[in-house]
Trainee: 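Quick one: this structure, given as structure tokens, is what I'll be asking you about.
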Amino acid sequence: MPPDQPLLPLRRHLLPGELTTAGTRTRARRTVRDWCVDVLLFGCSLLLLLAVLGAEDELRPDWLRELDTPLGVAACLSLWLRRRHPLGVAIAALPAAALSDTAIGALIVIVFNIALRLPWRLALLMLALHIAVAVPLLVLYVVPDDDGRAVTITFLALYLGFFAWGSAARARRQLVVRLREDAVRARADHERRLTDVRRAERRAIAREMHDVLAHRVSLLSVHAGALAYRTRQSVAGRGAALDEEEIAQSATVIRDNAHQALEELREVLHVLREDEGEESPEGGDGPSASVVPGGIARPQPDLERIGELVAEARAAGQEIVLDDALPPDPEPPLRPQLQRSVYRVVQEGLTNARKHAAGRPVRIRLGGGPGDGVTVRVTTPLPGRAAASAIPGAGAGLTGLSERLEIEGGRLRYGPQEGVFTLLAWLPWPV
């Protein structure tokens with residue numbers, strides 16, 4: 001059922017006084033359909049009363065014939081209360097069932113009603129009581145008649161038939177109610193799953209944008225900070241002024257990194273709108289590629305681009321030692337999605353080093369292989385005393401990275417130990 005399609009009201013299937021699957025009774029007012037049904041049943045009961053009233057029965061005493069019609073009329077009138085008080089109406093109709101022939105039309109409606117609206121055990125008990133109180137009248141005044149046996153069989157057939165009809169109608173209505181309740185629960189579950197998906201998507205967007213932009217923006221901050229520092233030193237007379245070539249080179253680096261940040265941002269937004277496939281479009285296991293606006297396919301971050309990442313950081317002034325112990329041509333190769341996660345781990349390690357340990361050397365070691373998993377270790381000596389970072393950040397990069405690795409079956413540990421901050425990640429590498 002579509003989420004925006006409202007459910008029909010349950011009172012179209014449960015009439016007033018009827019038990020729901022939860023055991024409660026409905027209190028809805030009579031609809032036009034209910035009034036039509038009630039008028040029709042009341043009219044049919046009166047017609048049967050008049051038809052039976054015209055038949056003469058010489059076997060019955062006068063006092064019984066005098067009670068017959070009032071009891072029949074009372075039973076017909078009680079039908080207007082059967083929806084809200086099915087049990088009370090069934091009990092009140094017991095004298096009519098015991099002494100009145102003219103109440104037969106109302107009685108079969110009441111039998112149908114108790115099967116429809118009462119629990120099955122109570123309904124069976126009331127059916128047995130109605131048959132039991134009618135037995136003496138049948139034995140004394142109906143069976144001795146010439147057609148008494150046929151009338152008795154017809155009487156029992158009517159009671160049992162209408163009771164079975166009411167039970168079937170009750171089962172159907174309860175099934176409809178149960179299906180509607182299941183639909184409501186399914187709709188609530190769908191909304192909850194949709195909320196979870198949206199929350200996960202927001203987290204994925206936050207992770208990707210942090211991983212991409214934090215690296216580029218930190219490089220921009222380092223270059224701009226160095227340019228501002230050299231300029232202040234020159235103005236203060238404590239250093240040589242920047243020549244035109246150095247200024248042009250610094251501006252070019254800042255411009256290139258800004259353009260690269262915008263391009264990677266577009267790539268991230270495009271990738272987040274597509275399913276992250278584990279195979280290339282040709283069906284191979286090579287690195288996947290995203291298509292940026294303009295139709296140009298750009299490779300996604302993988303193990304081979306880690307060298308470019310390190311080169312950019314070195315150009316920004318970071319001292320980096322890269323120890324790549326991964327097999328050159330592994331079989332099978334690491335899945336593109338896991339290669340991207342390895343790239344993000346190295347990227348986050350370099351970004352944190354620029355933020356919190358500027359000027360300190362960074363050591364990166366990659367190891368592992370098929371079956372053993374891939375291990376990434378990024379270590380940075382901590383400064384002598386804690387200092388505020390000149391590069392702003394939300395402080396959620398490692399948290400998002402940990403969530404990414406957990407989704408892919410990996411794990412992440414990080415923290416200072418003996419004056420060295422270590423970022424250690426492990427990802428599975430299936431054979």
Side-chain angles (χ1 to χ4, degrees), residues 206-207 210-230 232-233 238-239 257 301 303 305-326 338-369 372-406 408 410-429:
R207 280 198 305 268
H210 176 275
D211 292 341
V212 171
L213 295 183
H215 172 70
R216 291 295 171 187
V217 172
S218 64
L219 287 177
L220 288 173
S221 179
V222 170
H223 282 289
L227 185 61
Y229 175 79
R230 288 286 303 275
R232 287 196 301 268
Q233 291 294 99
R238 292 193 294 269
N257 276 280
L303 297 179
R305 297 187 65 185
I306 291 179
E308 300 177 10
L309 182 67
V310 171
E312 290 178 353
R314 286 171 176 167
Q318 275 189 289
E319 182 182 349
I320 303 173
V321 176
L322 176 60
D323 182 9
D324 188 355
L326 294 175
L338 296 179
Q339 292 190 37
R340 187 183 312 163
S341 296
V342 173
Y343 180 94
R344 297 304 185 198
V345 172
V346 175
Q347 188 179 59
E348 181 65 22
L350 294 177
T351 301
N352 286 338
R354 281 193 295 271
K355 287 183 178 181
H356 307 292
R360 298 284 176 167
V362 182
R363 183 178 182 88
I364 304 171
R365 189 180 190 283
L366 306 176
D372 298 328
V374 57
T375 303
V376 184
R377 182 186 297 270
V378 182
T379 56
T380 308
L382 295 174
R385 58 187 181 87
S389 173
I391 303 175
L398 292 177
T399 302
L401 188 62
S402 178
E403 292 178 357
R404 174 198 289 271
L405 266 60
E406 287 179 1
E408 296 170 355
R411 54 181 179 267
L412 179 70
R413 292 186 299 175
Y414 54 87
Q417 185 177 6
E418 298 180 358
V420 177
F421 187 88
T422 302
L423 177 66
L424 179 62
W426 178 87
L427 285 163
W429 192 338

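Here, residue 1 is the first one in the sequence, and each next residue gets the next number. Both backbone and side-chain heavy atoms feed into the values below; hydrogens, waters and symmetry mates do not.
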Trainee: Would you please name every residue forming a side chain to side chain contact (heavy atoms under 4.5 Å, CB included) with Arg411, sequence neighbours left out?
Mentor: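 So Arg411 forms a side chain to side chain contact (heavy atoms under 4.5 Å, CB included) with Trp426.
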Trainee: Taking side chain as C-beta onward, heavy atoms only, is Asp324 less than 4.5 Å from Ile306?
Mentor: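 A side-chain contact under 4.5 Å is absent here.
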Trainee: For residues Ala425 and Leu405, report the shortest heavy-atom separation together with the two atoms involved.
Mentor: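 Looks like CB-CD2, 3.6 Å.
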Trainee: Taking all atoms of both residues into account, what is the closest heavy-atom pair of Val362 and Ala353, and its distance?
Mentor: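 Shortest heavy-atom separation between Val362 and Ala353 comes out as CG2-CB, 3.5 Å.
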Trainee: Using only atom types and a distance under 3.5 Å, with no angle test, would you say the side chain of Thr351 pairs donor to acceptor with the backbone of Gln347?
Mentor: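 Checked: pair present.
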Trainee: Test Leu423 against every option in Val376, Val378, Thr379 by the side-chain contact (heavy atoms from CB on, under 4.5 Å) rule and name the one that passes.
Mentor: Val378
Trainee: If you round to the nearest 0.5 Å, how far is CG of Asn352 from CG of Leu401?
Mentor: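 So the CG of Leu401 and the CG of Asn352 are separated by 9.0 Å.
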Trainee: How long is the span from the CG atom in Leu424 to the CG atom in Leu412, to the nearest 0.5 Å?
Mentor: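 One finds 8.0 Å between CG of Leu424 and CG of Leu412.
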Trainee: Calculate, to the nearest 0.5 Å, the distance between atoms CG and CZ belonging to Leu322 and Arg365 respectively.
Mentor: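 Spacing of CG (Leu322) from CZ (Arg365) equals 11.0 Å.
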Trainee: State, yes or no, whether a side-chain contact exists between Leu338 and Trp429 at a heavy-atom distance under 4.5 Å.
Mentor: no
Trainee: Closest approach of Gly410 and Leu427, non-hydrogen atoms and distance?
Mentor: CA-CD2, 4.1 Å
Trainee: In Å and rounded to the nearest 0.5 Å, what is the CG to CD distance from Leu398 to Glu403?
Mentor: 11.5 Å
Trainee: Has Arg314 got more than 12 heavy atoms of other residues, nucleotides or ligands less than 6.0 Å from its CZ?
Mentor: yes
Trainee: Between Arg360 and Pro383, what is the shortest heavy-atom contact and its length?
Mentor: NH2-CA, 3.5 Å
Trainee: Does Leu366 reach the side chain of Val374, with side-chain heavy atoms less than 4.5 Å apart?
Mentor: no
Trainee: Which atoms form the tightest heavy-atom contact between Ala357 and Thr380, and what is the distance?
Mentor: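 Between these two residues, the closest heavy atoms are CB-CG2, 3.6 Å.
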Trainee: So, for Leu350 and Ala313, which heavy atoms are closest and what is the spacing to 0.1 Å?
Mentor: CD1-CB, 4.1 Å
Trainee: To the nearest 0.5 Å, what is the distance between CZ (Arg413) and CZ (Arg377)?
Mentor: 8.0 Å
